[in-house]
Protein chains: 2
Amino acid sequence: MQSMQNPVPKATAARIPAYLRYLKGEAAKGVGCVSSAAIARDMGLSAVGVRKDLSLVSSRPGRPRLGFEVRQLISDLEKFLGYDHWTDAVVIGAGGLGRAMLAYDGFENYGIHVVCAFDVAPEKVGSFGGKPVYPLDRLPQIAARNAVKVAVLAVPRSAAQAACDAAVSAGIRAILNFAPVYLTVPEGVKVRYEDLAVALAQLCGE
Amino acid sequence: MQSMQNPVPKATAARIPAYLRYLKGEAAKGVGCVSSAAIARDMGLSAVGVRKDLSLVSSRPGRPRLGFEVRQLISDLEKFLGYDHWTDAVVIGAGGLGRAMLAYDGFENYGIHVVCAFDVAPEKVGSFGGKPVYPLDRLPQIAARNAVKVAVLAVPRSAAQAACDAAVSAGIRAILNFAPVYLTVPEGVKVRYEDLAVALAQLCGE
DNA sequence: GAAATATCGATAAATTTTTATCGATTCCTA
DNA sequence: TAGGAATCGATAAAAATTTATCGATATTTC
(Lines give C-alpha, C1' and ligand atoms only; values in the text may rest on other atoms or scores of the structure.)
Protein backbone atom coordinates (compact mmCIF):
# COMPACT_ATOMS: atom_id res chain seq x y z
CA MET A 1 0.00 0.00 0.00
CA GLN A 2 1.31 3.42 -0.94
CA SER A 3 1.79 6.21 1.49
CA MET A 4 0.87 9.83 1.15
CA GLN A 5 4.00 10.64 -0.82
CA ASN A 6 2.76 8.44 -3.65
CA PRO A 7 -0.96 8.98 -3.81
CA VAL A 8 -3.11 6.47 -5.65
CA PRO A 9 -4.12 7.82 -9.08
CA LYS A 10 -7.70 9.01 -9.33
CA ALA A 11 -8.40 6.61 -12.13
CA THR A 12 -7.34 3.70 -9.97
CA ALA A 13 -9.32 4.89 -6.97
CA ALA A 14 -12.41 5.10 -9.12
CA ARG A 15 -12.09 1.43 -10.03
CA ILE A 16 -11.65 0.11 -6.50
CA PRO A 17 -15.36 -0.24 -5.72
CA ALA A 18 -15.81 -2.32 -8.85
CA TYR A 19 -12.95 -4.58 -7.85
CA LEU A 20 -14.49 -4.93 -4.43
CA ARG A 21 -17.88 -5.86 -5.84
CA TYR A 22 -16.30 -8.42 -8.13
CA LEU A 23 -14.11 -9.94 -5.44
CA LYS A 24 -16.99 -10.26 -3.02
CA GLY A 25 -18.86 -12.13 -5.70
CA GLU A 26 -15.94 -14.53 -6.18
CA ALA A 27 -15.57 -14.98 -2.44
CA ALA A 28 -19.26 -15.86 -2.22
CA LYS A 29 -18.66 -18.53 -4.86
CA GLY A 30 -15.92 -19.96 -2.69
CA VAL A 31 -13.01 -18.85 -4.85
CA GLY A 32 -9.84 -18.56 -2.81
CA CYS A 33 -7.38 -17.16 -5.30
CA VAL A 34 -7.88 -15.20 -8.49
CA SER A 35 -5.40 -14.17 -11.17
CA SER A 36 -5.11 -10.74 -12.69
CA ALA A 37 -6.00 -12.30 -16.03
CA ALA A 38 -9.26 -13.68 -14.67
CA ILE A 39 -10.22 -10.38 -13.09
CA ALA A 40 -9.41 -8.56 -16.30
CA ARG A 41 -11.44 -10.96 -18.42
CA ASP A 42 -14.50 -10.78 -16.17
CA MET A 43 -14.39 -7.05 -15.63
CA GLY A 44 -13.38 -6.00 -19.12
CA LEU A 45 -10.02 -4.56 -18.18
CA SER A 46 -6.42 -5.37 -19.04
CA ALA A 47 -4.44 -7.76 -16.86
CA VAL A 48 -1.54 -5.36 -16.63
CA GLY A 49 -3.83 -2.61 -15.46
CA VAL A 50 -5.36 -4.86 -12.85
CA ARG A 51 -1.96 -5.77 -11.45
CA LYS A 52 -0.95 -2.14 -11.32
CA ASP A 53 -4.15 -1.12 -9.58
CA LEU A 54 -3.94 -3.86 -7.01
CA SER A 55 -0.28 -3.23 -6.29
CA LEU A 56 -1.18 0.33 -5.36
CA VAL A 57 -3.84 -0.48 -2.80
CA SER A 58 -2.79 -3.84 -1.44
CA SER A 59 0.42 -4.61 0.36
CA ARG A 60 0.42 -8.36 -0.10
CA PRO A 61 1.89 -9.40 -3.44
CA GLY A 62 0.21 -11.80 -5.78
CA ARG A 63 1.77 -15.21 -6.09
CA PRO A 64 3.03 -16.58 -9.40
CA ARG A 65 0.94 -19.38 -10.79
CA LEU A 66 -1.83 -18.72 -8.23
CA GLY A 67 -2.75 -15.07 -8.32
CA PHE A 68 -4.14 -13.00 -5.48
CA GLU A 69 -5.81 -14.20 -2.33
CA VAL A 70 -9.39 -13.00 -2.53
CA ARG A 71 -10.06 -12.44 1.14
CA GLN A 72 -6.83 -10.59 1.72
CA LEU A 73 -7.59 -8.35 -1.23
CA ILE A 74 -11.10 -7.59 -0.01
CA SER A 75 -9.72 -6.62 3.35
CA ASP A 76 -7.13 -4.31 1.81
CA LEU A 77 -9.59 -2.67 -0.55
CA GLU A 78 -12.06 -2.04 2.24
CA LYS A 79 -9.35 -0.50 4.33
CA PHE A 80 -8.33 1.69 1.42
CA LEU A 81 -11.89 2.88 0.93
CA GLY A 82 -12.25 3.64 4.58
CA TYR A 83 -15.00 1.12 5.19
CA ASP A 84 -13.34 0.22 8.44
CA HIS A 85 -14.59 3.24 10.32
CA TRP A 86 -18.20 4.28 10.67
CA THR A 87 -20.00 7.31 9.33
CA ASP A 88 -23.50 8.48 10.19
CA ALA A 89 -25.84 9.78 7.49
CA VAL A 90 -29.39 11.04 7.25
CA VAL A 91 -31.93 10.91 4.43
CA ILE A 92 -33.86 14.00 3.46
CA GLY A 93 -37.17 13.21 1.79
CA ALA A 94 -39.23 10.15 2.69
CA GLY A 95 -40.90 9.47 -0.65
CA GLY A 96 -40.30 6.31 -2.64
CA LEU A 97 -36.60 6.73 -3.08
CA GLY A 98 -36.01 8.14 0.37
CA ARG A 99 -37.76 5.22 1.98
CA ALA A 100 -35.81 2.80 -0.15
CA MET A 101 -32.59 4.39 1.07
CA LEU A 102 -33.80 4.36 4.65
CA ALA A 103 -34.70 0.69 4.57
CA TYR A 104 -31.71 -0.46 2.53
CA ASP A 105 -29.54 -2.72 4.62
CA GLY A 106 -26.54 -2.65 2.29
CA PHE A 107 -25.03 0.45 3.80
CA GLU A 108 -23.82 -1.45 6.83
CA ASN A 109 -21.33 -3.27 4.60
CA TYR A 110 -19.70 0.01 3.77
CA GLY A 111 -19.37 1.43 7.23
CA ILE A 112 -22.34 3.72 6.85
CA HIS A 113 -25.10 4.01 9.42
CA VAL A 114 -28.26 5.67 8.15
CA VAL A 115 -29.72 7.25 11.23
CA CYS A 116 -33.12 8.55 10.18
CA ALA A 117 -35.05 10.47 7.54
CA PHE A 118 -36.75 13.85 7.39
CA ASP A 119 -39.75 15.10 5.47
CA VAL A 120 -41.87 18.21 5.37
CA ALA A 121 -45.12 16.27 4.91
CA PRO A 122 -46.71 15.41 8.27
CA GLU A 123 -48.18 12.19 6.90
CA LYS A 124 -44.72 10.88 6.05
CA VAL A 125 -43.46 11.47 9.60
CA GLY A 126 -43.32 8.42 11.82
CA SER A 127 -41.10 5.52 10.95
CA PHE A 128 -40.20 3.26 8.06
CA GLY A 129 -38.16 0.12 7.97
CA GLY A 130 -37.57 0.40 11.68
CA LYS A 131 -36.04 3.86 11.47
CA PRO A 132 -37.64 7.16 12.43
CA VAL A 133 -38.88 9.83 10.04
CA TYR A 134 -38.86 13.31 11.56
CA PRO A 135 -40.26 16.64 10.44
CA LEU A 136 -37.69 18.52 8.40
CA ASP A 137 -37.48 21.35 10.88
CA ARG A 138 -35.90 19.03 13.41
CA LEU A 139 -32.94 18.44 11.12
CA PRO A 140 -30.67 21.06 12.75
CA GLN A 141 -31.26 19.68 16.21
CA ILE A 142 -30.79 16.03 15.33
CA ALA A 143 -27.86 16.60 12.98
CA ALA A 144 -26.08 18.61 15.63
CA ARG A 145 -26.76 16.10 18.37
CA ASN A 146 -25.40 13.19 16.34
CA ALA A 147 -22.71 15.23 14.59
CA VAL A 148 -23.99 14.03 11.23
CA LYS A 149 -22.07 15.45 8.29
CA VAL A 150 -23.53 13.45 5.39
CA ALA A 151 -27.00 13.63 3.88
CA VAL A 152 -28.84 11.86 1.10
CA LEU A 153 -31.12 14.23 -0.76
CA ALA A 154 -34.15 12.36 -2.08
CA VAL A 155 -36.68 15.13 -2.58
CA PRO A 156 -38.50 16.37 -5.67
CA ARG A 157 -36.63 18.65 -7.98
CA SER A 158 -38.53 21.74 -6.87
CA ALA A 159 -37.61 21.23 -3.23
CA ALA A 160 -33.99 20.31 -3.75
CA GLN A 161 -32.21 23.64 -3.38
CA ALA A 162 -34.22 24.62 -0.33
CA ALA A 163 -33.60 21.26 1.31
CA CYS A 164 -29.94 21.55 0.44
CA ASP A 165 -29.72 24.97 2.05
CA ALA A 166 -31.40 23.66 5.16
CA ALA A 167 -28.99 20.76 5.32
CA VAL A 168 -25.96 22.98 4.90
CA SER A 169 -27.04 25.36 7.61
CA ALA A 170 -27.64 22.34 9.83
CA GLY A 171 -23.98 21.46 9.50
CA ILE A 172 -24.10 18.92 6.67
CA ARG A 173 -20.83 18.92 4.69
CA ALA A 174 -21.45 16.25 2.05
CA ILE A 175 -24.59 15.62 0.02
CA LEU A 176 -25.58 12.76 -2.21
CA ASN A 177 -28.13 14.38 -4.48
CA PHE A 178 -30.69 12.35 -6.37
CA ALA A 179 -32.69 15.32 -7.61
CA PRO A 180 -31.90 16.24 -11.22
CA VAL A 181 -30.89 19.74 -10.22
CA TYR A 182 -27.57 21.50 -10.02
CA LEU A 183 -27.13 22.58 -6.44
CA THR A 184 -25.44 25.76 -5.33
CA VAL A 185 -23.50 25.21 -2.13
CA PRO A 186 -20.96 27.19 -0.11
CA GLU A 187 -17.28 26.51 -0.39
CA GLY A 188 -16.26 23.34 1.40
CA VAL A 189 -19.51 21.46 0.96
CA LYS A 190 -19.25 18.48 -1.35
CA VAL A 191 -22.07 17.42 -3.64
CA ARG A 192 -22.21 14.20 -5.54
CA TYR A 193 -24.85 13.86 -8.21
CA GLU A 194 -26.60 10.59 -8.70
CA ASP A 195 -29.08 11.11 -11.47
CA LEU A 196 -30.80 7.81 -12.05
CA ALA A 197 -32.16 8.99 -15.35
CA VAL A 198 -28.68 9.85 -16.57
CA ALA A 199 -27.37 6.48 -15.53
CA LEU A 200 -30.06 4.81 -17.55
CA ALA A 201 -29.63 7.15 -20.48
CA GLN A 202 -25.90 6.52 -20.62
CA LEU A 203 -26.52 2.82 -20.62
CA CYS A 204 -28.90 3.17 -23.53
CA GLY A 205 -26.51 5.29 -25.51
CA GLU A 206 -23.45 3.08 -25.23
CA MET B 1 -19.31 18.55 -33.72
CA GLN B 2 -16.79 15.89 -34.56
CA SER B 3 -17.45 13.06 -36.93
CA MET B 4 -16.53 9.42 -36.61
CA GLN B 5 -12.96 10.02 -37.72
CA ASN B 6 -12.35 12.07 -34.58
CA PRO B 7 -14.30 10.41 -31.83
CA VAL B 8 -15.03 12.36 -28.68
CA PRO B 9 -12.65 11.34 -25.88
CA LYS B 10 -14.16 9.13 -23.24
CA ALA B 11 -13.26 11.59 -20.52
CA THR B 12 -15.18 14.31 -22.29
CA ALA B 13 -18.19 12.10 -22.94
CA ALA B 14 -18.34 11.24 -19.27
CA ARG B 15 -18.67 14.91 -18.39
CA ILE B 16 -21.46 15.74 -20.80
CA PRO B 17 -24.33 14.76 -18.49
CA ALA B 18 -22.91 17.04 -15.80
CA TYR B 19 -22.73 19.93 -18.27
CA LEU B 20 -26.29 19.24 -19.28
CA ARG B 21 -27.51 19.25 -15.70
CA TYR B 22 -25.72 22.50 -15.03
CA LEU B 23 -26.92 24.19 -18.19
CA LYS B 24 -30.52 23.22 -17.56
CA GLY B 25 -30.21 24.80 -14.16
CA GLU B 26 -28.92 28.01 -15.69
CA ALA B 27 -31.65 27.97 -18.32
CA ALA B 28 -34.25 27.60 -15.60
CA LYS B 29 -32.80 30.71 -13.95
CA GLY B 30 -33.27 32.57 -17.19
CA VAL B 31 -29.61 32.78 -18.13
CA GLY B 32 -29.18 33.19 -21.86
CA CYS B 33 -25.43 33.02 -22.29
CA VAL B 34 -22.71 31.55 -20.12
CA SER B 35 -18.95 31.80 -20.37
CA SER B 36 -16.53 28.93 -20.09
CA ALA B 37 -15.06 30.63 -17.05
CA ALA B 38 -18.44 30.68 -15.30
CA ILE B 39 -19.10 27.04 -16.09
CA ALA B 40 -15.66 26.11 -14.87
CA ARG B 41 -16.05 28.04 -11.64
CA ASP B 42 -19.45 26.56 -10.84
CA MET B 43 -18.57 23.01 -11.82
CA GLY B 44 -15.07 22.89 -10.44
CA LEU B 45 -13.31 22.45 -13.79
CA SER B 46 -10.85 24.51 -15.80
CA ALA B 47 -12.08 27.02 -18.34
CA VAL B 48 -9.77 25.65 -21.01
CA GLY B 49 -11.11 22.17 -20.47
CA VAL B 50 -14.66 23.38 -20.67
CA ARG B 51 -14.02 25.09 -23.99
CA LYS B 52 -12.34 22.01 -25.35
CA ASP B 53 -15.17 19.75 -24.24
CA LEU B 54 -17.85 21.98 -25.67
CA SER B 55 -16.06 22.43 -28.96
CA LEU B 56 -16.11 18.69 -29.40
CA VAL B 57 -19.83 18.20 -28.95
CA SER B 58 -21.30 21.47 -30.15
CA SER B 59 -21.04 22.90 -33.61
CA ARG B 60 -21.90 26.46 -32.76
CA PRO B 61 -18.91 28.45 -31.52
CA GLY B 62 -18.94 30.53 -28.41
CA ARG B 63 -18.88 34.25 -28.86
CA PRO B 64 -16.16 36.44 -27.43
CA ARG B 65 -17.26 38.62 -24.57
CA LEU B 66 -20.56 36.72 -24.28
CA GLY B 67 -19.82 33.04 -24.05
CA PHE B 68 -22.07 30.22 -25.17
CA GLU B 69 -25.77 30.33 -25.79
CA VAL B 70 -27.32 28.09 -23.16
CA ARG B 71 -30.27 26.78 -25.14
CA GLN B 72 -28.21 25.99 -28.19
CA LEU B 73 -25.73 24.12 -26.03
CA ILE B 74 -28.44 22.10 -24.31
CA SER B 75 -29.82 21.11 -27.66
CA ASP B 76 -26.43 20.01 -28.95
CA LEU B 77 -25.57 18.08 -25.80
CA GLU B 78 -28.88 16.27 -25.88
CA LYS B 79 -28.35 15.36 -29.47
CA PHE B 80 -24.89 14.08 -28.66
CA LEU B 81 -26.22 11.93 -25.85
CA GLY B 82 -28.91 10.51 -28.06
CA TYR B 83 -31.77 11.97 -26.06
CA ASP B 84 -33.48 12.89 -29.28
CA HIS B 85 -34.70 9.39 -29.99
CA TRP B 86 -36.76 7.28 -27.62
CA THR B 87 -35.86 4.09 -25.85
CA ASP B 88 -38.21 1.80 -23.96
CA ALA B 89 -37.18 0.25 -20.66
CA VAL B 90 -38.68 -2.00 -18.03
CA VAL B 91 -38.12 -2.26 -14.30
CA ILE B 92 -37.58 -5.64 -12.68
CA GLY B 93 -38.51 -5.68 -9.04
CA ALA B 94 -41.35 -3.57 -7.60
CA GLY B 95 -40.06 -2.98 -4.10
CA GLY B 96 -39.20 0.43 -2.77
CA LEU B 97 -36.56 1.27 -5.31
CA GLY B 98 -38.36 -0.36 -8.23
CA ARG B 99 -41.50 1.62 -7.53
CA ALA B 100 -39.50 4.80 -7.23
CA MET B 101 -38.03 4.13 -10.64
CA LEU B 102 -41.43 3.28 -12.08
CA ALA B 103 -43.01 6.46 -10.81
CA TYR B 104 -40.08 8.76 -11.53
CA ASP B 105 -41.05 11.27 -14.17
CA GLY B 106 -37.55 12.46 -14.94
CA PHE B 107 -36.82 9.80 -17.52
CA GLU B 108 -38.96 11.51 -20.11
CA ASN B 109 -36.40 14.32 -20.26
CA TYR B 110 -33.80 11.86 -21.41
CA GLY B 111 -35.74 10.12 -24.12
CA ILE B 112 -36.51 7.10 -21.97
CA HIS B 113 -39.94 5.61 -21.61
CA VAL B 114 -40.34 3.26 -18.67
CA VAL B 115 -43.02 0.88 -19.81
CA CYS B 116 -43.84 -1.27 -16.79
CA ALA B 117 -42.40 -3.28 -13.93
CA PHE B 118 -42.25 -6.96 -13.05
CA ASP B 119 -42.20 -8.78 -9.75
CA VAL B 120 -42.41 -12.34 -8.55
CA ALA B 121 -44.58 -11.47 -5.55
CA PRO B 122 -48.28 -11.63 -6.40
CA GLU B 123 -49.14 -8.87 -3.97
CA LYS B 124 -46.86 -6.46 -5.81
CA VAL B 125 -48.58 -7.11 -9.13
CA GLY B 126 -51.10 -4.53 -10.22
CA SER B 127 -50.05 -0.99 -10.90
CA PHE B 128 -48.05 1.83 -9.36
CA GLY B 129 -47.74 5.44 -10.35
CA GLY B 130 -50.09 4.83 -13.25
CA LYS B 131 -47.96 2.08 -14.77
CA PRO B 132 -48.61 -1.66 -14.67
CA VAL B 133 -46.72 -4.21 -12.59
CA TYR B 134 -46.79 -7.69 -14.10
CA PRO B 135 -45.74 -11.10 -12.80
CA LEU B 136 -42.14 -11.77 -13.67
CA ASP B 137 -43.00 -14.74 -15.87
CA ARG B 138 -44.66 -12.43 -18.34
CA LEU B 139 -41.39 -10.60 -18.99
CA PRO B 140 -40.46 -12.60 -22.14
CA GLN B 141 -43.80 -11.98 -23.73
CA ILE B 142 -44.01 -8.28 -22.98
CA ALA B 143 -40.37 -7.56 -23.71
CA ALA B 144 -40.65 -9.27 -27.07
CA ARG B 145 -43.89 -7.53 -27.97
CA ASN B 146 -42.47 -4.07 -27.24
CA ALA B 147 -38.94 -4.91 -28.40
CA VAL B 148 -37.56 -3.70 -25.09
CA LYS B 149 -33.79 -4.02 -24.81
CA VAL B 150 -33.12 -2.18 -21.57
CA ALA B 151 -33.98 -3.22 -18.02
CA VAL B 152 -33.52 -1.72 -14.59
CA LEU B 153 -32.75 -4.38 -12.03
CA ALA B 154 -34.13 -3.38 -8.63
CA VAL B 155 -34.39 -6.68 -6.83
CA PRO B 156 -32.75 -7.98 -3.65
CA ARG B 157 -29.22 -9.21 -3.89
CA SER B 158 -30.22 -12.86 -3.64
CA ALA B 159 -32.57 -12.62 -6.61
CA ALA B 160 -30.32 -10.56 -8.85
CA GLN B 161 -28.51 -13.19 -10.91
CA ALA B 162 -31.68 -15.18 -11.55
CA ALA B 163 -33.59 -12.07 -12.57
CA CYS B 164 -30.69 -11.07 -14.76
CA ASP B 165 -30.70 -14.45 -16.49
CA ALA B 166 -34.43 -14.19 -17.05
CA ALA B 167 -34.02 -10.73 -18.54
CA VAL B 168 -31.23 -11.80 -20.85
CA SER B 169 -33.16 -14.78 -22.15
CA ALA B 170 -36.11 -12.45 -22.69
CA GLY B 171 -33.96 -10.42 -25.07
CA ILE B 172 -32.70 -7.67 -22.78
CA ARG B 173 -29.31 -6.39 -23.91
CA ALA B 174 -28.54 -3.69 -21.37
CA ILE B 175 -29.06 -3.78 -17.62
CA LEU B 176 -28.84 -1.07 -15.01
CA ASN B 177 -28.17 -3.06 -11.87
CA PHE B 178 -28.88 -1.68 -8.42
CA ALA B 179 -28.23 -4.91 -6.58
CA PRO B 180 -24.80 -5.01 -4.96
CA VAL B 181 -23.85 -8.12 -6.90
CA TYR B 182 -21.50 -8.78 -9.76
CA LEU B 183 -23.59 -10.18 -12.58
CA THR B 184 -22.44 -12.80 -15.03
CA VAL B 185 -23.84 -12.13 -18.46
CA PRO B 186 -23.24 -13.47 -21.97
CA GLU B 187 -21.08 -11.63 -24.44
CA GLY B 188 -22.81 -8.62 -25.88
CA VAL B 189 -24.96 -7.79 -22.88
CA LYS B 190 -24.01 -4.59 -21.14
CA VAL B 191 -24.29 -4.14 -17.40
CA ARG B 192 -23.94 -0.90 -15.57
CA TYR B 193 -23.62 -1.01 -11.81
CA GLU B 194 -25.32 1.59 -9.71
CA ASP B 195 -24.56 0.74 -6.14
CA LEU B 196 -26.16 3.38 -3.99
CA ALA B 197 -24.16 2.31 -0.99
CA VAL B 198 -20.93 2.76 -2.90
CA ALA B 199 -21.99 6.18 -4.08
CA LEU B 200 -22.59 7.21 -0.52
CA ALA B 201 -19.42 5.57 0.72
CA GLN B 202 -17.32 7.35 -1.88
CA LEU B 203 -18.84 10.64 -0.87
CA CYS B 204 -17.96 9.98 2.74
CA GLY B 205 -14.41 9.04 1.92
CA GLU B 206 -13.52 12.04 -0.20
C1' DG C 1 14.11 -33.85 -8.76
C1' DA C 2 14.11 -31.21 -13.09
C1' DA C 3 11.61 -29.04 -16.81
C1' DA C 4 7.59 -26.62 -18.30
C1' DT C 5 4.33 -23.11 -17.63
C1' DA C 6 1.45 -19.74 -15.71
C1' DT C 7 1.72 -15.68 -13.27
C1' DC C 8 3.67 -11.68 -11.15
C1' DG C 9 6.14 -7.09 -10.81
C1' DA C 10 8.96 -3.67 -12.78
C1' DT C 11 10.49 -0.80 -16.51
C1' DA C 12 9.60 1.50 -20.65
C1' DA C 13 6.78 3.08 -24.52
C1' DA C 14 2.51 4.83 -26.30
C1' DT C 15 -1.63 6.98 -25.73
C1' DT C 16 -4.87 9.92 -23.64
C1' DT C 17 -6.07 13.79 -20.98
C1' DT C 18 -5.21 18.06 -18.82
C1' DT C 19 -3.14 22.48 -18.54
C1' DA C 20 -0.69 26.61 -20.37
C1' DT C 21 0.00 30.25 -23.73
C1' DC C 22 -1.35 33.59 -27.06
C1' DG C 23 -3.27 35.95 -31.03
C1' DA C 24 -8.00 36.96 -32.82
C1' DT C 25 -12.62 38.47 -32.18
C1' DT C 26 -16.52 40.91 -30.47
C1' DC C 27 -18.99 43.53 -27.41
C1' DC C 28 -19.24 47.46 -24.11
C1' DT C 29 -18.19 52.24 -22.78
C1' DA C 30 -16.71 56.67 -23.08
C1' DT D 1 -16.54 55.87 -33.31
C1' DA D 2 -12.38 54.36 -31.14
C1' DG D 3 -10.28 52.10 -27.24
C1' DG D 4 -10.44 48.68 -23.77
C1' DA D 5 -11.69 44.39 -21.83
C1' DA D 6 -13.32 39.91 -21.75
C1' DT D 7 -13.69 35.75 -24.07
C1' DC D 8 -12.90 32.36 -27.55
C1' DG D 9 -10.25 28.80 -30.31
C1' DA D 10 -6.02 26.86 -31.69
C1' DT D 11 -1.47 25.20 -30.81
C1' DA D 12 1.86 23.45 -27.84
C1' DA D 13 3.56 21.64 -23.50
C1' DA D 14 2.93 18.92 -19.41
C1' DA D 15 0.90 15.41 -16.78
C1' DA D 16 -1.61 11.36 -16.17
C1' DT D 17 -3.05 6.98 -17.63
C1' DT D 18 -2.96 2.91 -20.28
C1' DT D 19 -0.59 -0.59 -22.75
C1' DA D 20 3.52 -3.38 -24.06
C1' DT D 21 7.63 -6.07 -22.96
C1' DC D 22 10.41 -9.08 -20.31
C1' DG D 23 12.99 -11.33 -16.67
C1' DA D 24 11.93 -13.62 -12.14
C1' DT D 25 9.43 -16.89 -9.39
C1' DA D 26 6.64 -20.45 -7.72
C1' DT D 27 3.71 -24.31 -8.70
C1' DT D 28 2.61 -28.25 -11.32
C1' DT D 29 3.78 -32.27 -13.97
C1' DC D 30 6.54 -35.86 -15.58
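These numbers were taken from a predicted model, which means no experiment stands behind them. Chain identifiers are assigned alphabetically (A, B, ...) following the order of the sequence lines, protein sequences preceding nucleic acid strands; residue numbering begins at 1 within each chain.
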Enquirer: What integer distance in Å separates A:Ile39:CD1 from C:dC8:C1'?
Expert: 12 Å
Enquirer: Check the distance between C:dT17's C1' and B:Arg51's CZ and give it to me in whole angstrom.
Expert: 16 Å
Enquirer: Below the 4.0 Å mark, does C:dT7 have OP1 or OP2 next to a side-chain nitrogen or oxygen of A:Arg63?
Expert: no
Enquirer: Checking contacts here: which listed nucleotide (D:dT19, C:dT19, C:dT7) is nearest the side-chain heavy atoms of B:Lys52?
Expert: C:dT19
Enquirer: Would you mind reading off the distance between A:Arg60 atom CZ and D:dT25 atom P, rounded to a whole angstrom?
Expert: 18 Å
Enquirer: Where each residue is assigned the nucleotide of DNA chain D containing its nearest heavy atom, which of A:Gly49 and A:Leu66 is assigned the position nearer the 5′ end?
Expert: A:Gly49
Enquirer: Tell me the closest heavy-atom pair linking B:Leu139 and B:Ala170, and the distance in Å.
Expert: CG-CB, 3.9 Å
Enquirer: Rounded to whole Å, please give me the gap between CE in B:Met43 and P in C:dT18.
Expert: 12 Å
Enquirer: Measure the distance from CG on B:Leu45 to P on C:dT19 and round it to the nearest whole Å.
Expert: 9 Å
Enquirer: Hey, can you pull the residues of residues 9-25 of chain B with a non-hydrogen atom under 4.0 angstrom from DNA chain C?
Expert: B:Pro9, B:Lys10, B:Ala11, B:Arg15
Enquirer: Does the side chain of A:Ile142 reach to within under 4.5 Å of the side chain of A:Val90, using non-hydrogen atoms?
Expert: no
Enquirer: Taking the minimum atom-to-atom distance to the side chain of B:Val48, which one of D:dT7, C:dA20, D:dA20 wins?
Expert: C:dA20
Enquirer: Under 4.0 Å: is that the gap between some side-chain N or O of B:Ser55 and OP1 or OP2 of D:dG9?
Expert: no
Enquirer: Would you say C:dT5 has OP1 or OP2 under 4.0 Å from some side-chain N or O of A:Arg65?
Expert: no
Enquirer: Could you tell me which residues satisfy salt bridge (Lys or Arg N to Asp or Glu O under 4.0 Å) with B:Glu69, sequence neighbours excluded, listed by chain and number?
Expert: none
Enquirer: Counting only side-chain nitrogens and oxygens, does A:Ser36 get under 4.0 Å of the OP1 or OP2 atom of C:dC8?
Expert: yes
Enquirer: In whole Å, what is the span from the CZ atom of A:Phe68 to the P atom of C:dT7?
Expert: 11 Å
Enquirer: When you check the phosphate oxygens OP1 and OP2 of D:dT19, does a side-chain N or O of A:Ser46 lie under 4.0 Å from one of them?
Expert: yes
Enquirer: Do B:Val198 and B:Tyr193 pass the side-chain contact (heavy atoms from CB on, under 4.5 Å) test, and can you show the C-alpha distance, the side-chain angles, and the key distance before you say yes or no?
Expert: CA-CA 10 Å; B:Val198 167; B:Tyr193 296 87; over 6 Å; no
Enquirer: I need the CD-C1' distance between B:Glu69 and D:dT7, as an integer number of Å.
Expert: 16 Å
Enquirer: What class does the angle between the rings of A:Phe118 and A:Tyr134 fall in, given that below 30° is parallel, 30 to 60° is tilted and above 60° is perpendicular?
Expert: tilted
Enquirer: Measure from the side chain of A:Pro61, starting at C-beta and using heavy atoms only, and say which of C:dT19, C:dG9, C:dT11 lies closest.
Expert: C:dG9
Enquirer: What heavy-atom pair brings B:Ala94 and B:Val133 nearest, and what distance separates the two atoms?
Expert: CB-CG1, 3.8 Å
Enquirer: Counting heavy atoms from C-beta on, name the nucleotide in D:dT7, D:dT21, C:dT7 closest to the side chain of B:Ser35.
Expert: D:dT7
Enquirer: What is the minimum heavy-atom distance between B:Leu203 and A:Lys190, and which atoms define it?
Expert: O-NZ, 3.9 Å
Enquirer: How many Å lie between CG on B:Asp53 and C1' on C:dT16, as a whole number?
Expert: 13 Å
Enquirer: Any side-chain to backbone donor/acceptor pair from A:Ser169 onto A:Ala166? Under 3.5 Å, distance only.
Expert: yes
